[in-house]
> 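Starting off with a structure, shown below.
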Amino acid sequence: MAAIVIKRGDTLLISGVYKQSNASPMNLTGYQLEVNIMNANTNKSVITVIAGVNTANRSLIIENAVAGQFKLMVKDTEVLRDTDYYIDFKTTGDSGIEQTSKAIKLSVKTRLV
């Protein structure tokens, strides 16, 4: 799994498509989408962003639900330490069934060399 590498304090911005296990886009209509940035060593969430619950520093927008398109923005990455994280996507359907996926590895550095 390739990692996104960012400098602590920089804005993390990801535009993507949430895909099913067969690699086709997932229709997010009727689903709640949540992103947790989880410490890879402790498996604990450090940052949580929920679609539709946006702040000046964090937002998760479903841009096209049918096509599974989303945009994640986290400005306050200074709360992260110099270590590895997983960006975990969680969907919750109307039935309450949750699916999670540690889809992206994130590496945070004090400085980029």
Side-chain angles (χ1 to χ4, degrees):
M1 170 185 308
I4 295 174
V5 179
I6 65 167
K7 180 179 168 220
R8 186 172 5 136
D10 285 353
T11 298
L12 174 66
L13 183 61
I14 299 173
S15 292
V17 174
Y18 191 90
K19 295 185 179 180
Q20 301 179 76
S21 59
N22 66 6
S24 65
M26 180 172 172
N27 183 344
L28 295 172
T29 303
Y31 284 88
Q32 175 66 44
L33 181 61
E34 178 180 311
V35 171
N36 289 288
I37 299 178
M38 302 176 72
N39 184 301
N41 298 314
T42 65
N43 225 18
K44 292 186 179 181
S45 179
V46 180
I47 293 176
T48 299
V49 188
I50 299 170
V53 183
N54 302 320
T55 67
N57 288 322
R58 302 175 187 175
S59 67
L60 178 58
I61 299 166
I62 297 174
E63 295 185 310
N64 182 333
V66 174
Q69 296 174 336
F70 67 89
K71 185 178 283 186
L72 171 68
M73 184 271 305
V74 178
K75 288 185 179 178
D76 58 342
T77 62
E78 69 277 352
V79 302
L80 302 173
R81 297 292 153 236
D82 294 5
T83 191
D84 291 330
Y85 297 87
Y86 288 106
I87 301 174
D88 180 55
F89 291 85
K90 179 171 85 170
T91 58
T92 306
D94 292 334
S95 64
I97 295 174
E98 296 180 351
Q99 292 180 291
T100 63
S101 171
K102 292 178 181 172
I104 302 171
K105 185 176 178 183
L106 174 67
S107 186
V108 177
K109 308 289 183 190
T110 300
R111 64 176 196 247
L112 301 177
V113 180

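Below, each value reflects all heavy atoms present in this structure, side chains not excepted, and no hydrogens, waters or symmetry copies.
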> If you measure from CD1 on I87 to CG on L12, what distance do you get to the nearest 0.5 Å?
5.0 Å
> Once you round to the nearest 0.5 Å, how far does CG of L72 lie from CD1 of I37?
6.5 Å
> Return each pair, listed once, that meets salt bridge (Lys or Arg N to Asp or Glu O under 4.0 Å) where at least one residue sits in residues 35-49; pairs must be two or more places apart or across chains.
none
> Are the side chains of I14 and V35 in contact, using a 4.5 Å heavy-atom criterion?
no
> When you group the ILVMFWY residues by side-chain heavy-atom contacts below 4.5 Å and let the links chain together, are V66 and L33 in the same group?
no
> Do you know which two heavy atoms are closest between V46 and Y85, and how far apart they sit?
CG2-CE2, 3.9 Å
> Drop me the distance from T83's OG1 to N39's CG, to the nearest 0.5 angstrom.
5.0 Å
> Which residue pairs pass the salt bridge (Lys or Arg N to Asp or Glu O under 4.0 Å) test when at least one of the two sits in residues 71-81, sequence neighbours left out?
R58-D76, E63-K71
> Just jot down the side chain to side chain contact (heavy atoms under 4.5 Å, CB included) partners of S95, sequence neighbours excluded, or say none.
I97
> Could you pull out all residues at least two apart from A65 that satisfy side chain to side chain contact (heavy atoms under 4.5 Å, CB included)?
L28, T29, I62
> Which atom names give the shortest non-hydrogen contact between V17 and P25, and what distance separates them?
CG1-CB, 3.8 Å
> When clusters are formed from ILVMFWY side-chain contacts under 4.5 Å, directly or step by step, what else is grouped with V53?
I50
> Specify the closest pair of heavy atoms between R111 and K7, including all atoms of both residues, with the distance to one decimal.
CA-CG, 4.2 Å
> If a pair satisfies side-chain hydrogen bond (donor to acceptor under 3.5 Å, both in side chains) and one of its residues is in residues 46-55, list it, with sequence neighbours excluded.
N36-T48, S45-T48
> Looking only at heavy atoms, what is the nearest atom pair of Y18 and Q99, with distance?
OH-O, 4.3 Å
> With sequence neighbours excluded, give me every salt bridge (Lys or Arg N to Asp or Glu O under 4.0 Å) pair touching residues 10-30.
none
> Would you give the length of the straight line joining atom OG of S101 to atom CG of D88, rounded to the nearest 0.5 angstrom?
7.0 Å
> Are the side chain of D82 and the backbone N or O of T110 linked by a donor-acceptor pair below 3.5 Å?
yes
> Please list all pairs passing the ring pair (Phe, Tyr, Trp, His ring centres under 6.0 Å) test where one or both residues lie in residues 43-77, with sequence neighbours left out.
F70-F89
> What are the two closest non-hydrogen atoms of V5 and K109, and how far apart are they?
CG1-CG, 4.0 Å
> Are M38 and L60 connected in the hydrophobic side-chain network, where two residues link if heavy atoms are under 4.5 Å apart?
no
> Mind checking whether E34 and T92 have side chains closer than 4.5 Å, heavy atoms only?
no
> Would you say that T77 contacts V108 through its side chain, given a criterion of any heavy-atom pair below 4.5 Å between the two side chains?
no
> Strictly by ring pair (Phe, Tyr, Trp, His ring centres under 6.0 Å), give each pair with a member in residues 23-63 just once, sequence neighbours left out.
none
> For D94, check side chain to side chain contact (heavy atoms under 4.5 Å, CB included) against everything at least two apart and list the hits.
none
> Should side-chain heavy atoms under 4.5 Å link Ile, Leu, Val, Met, Phe, Trp and Tyr, which residues sit in the same cluster as M73?
L13
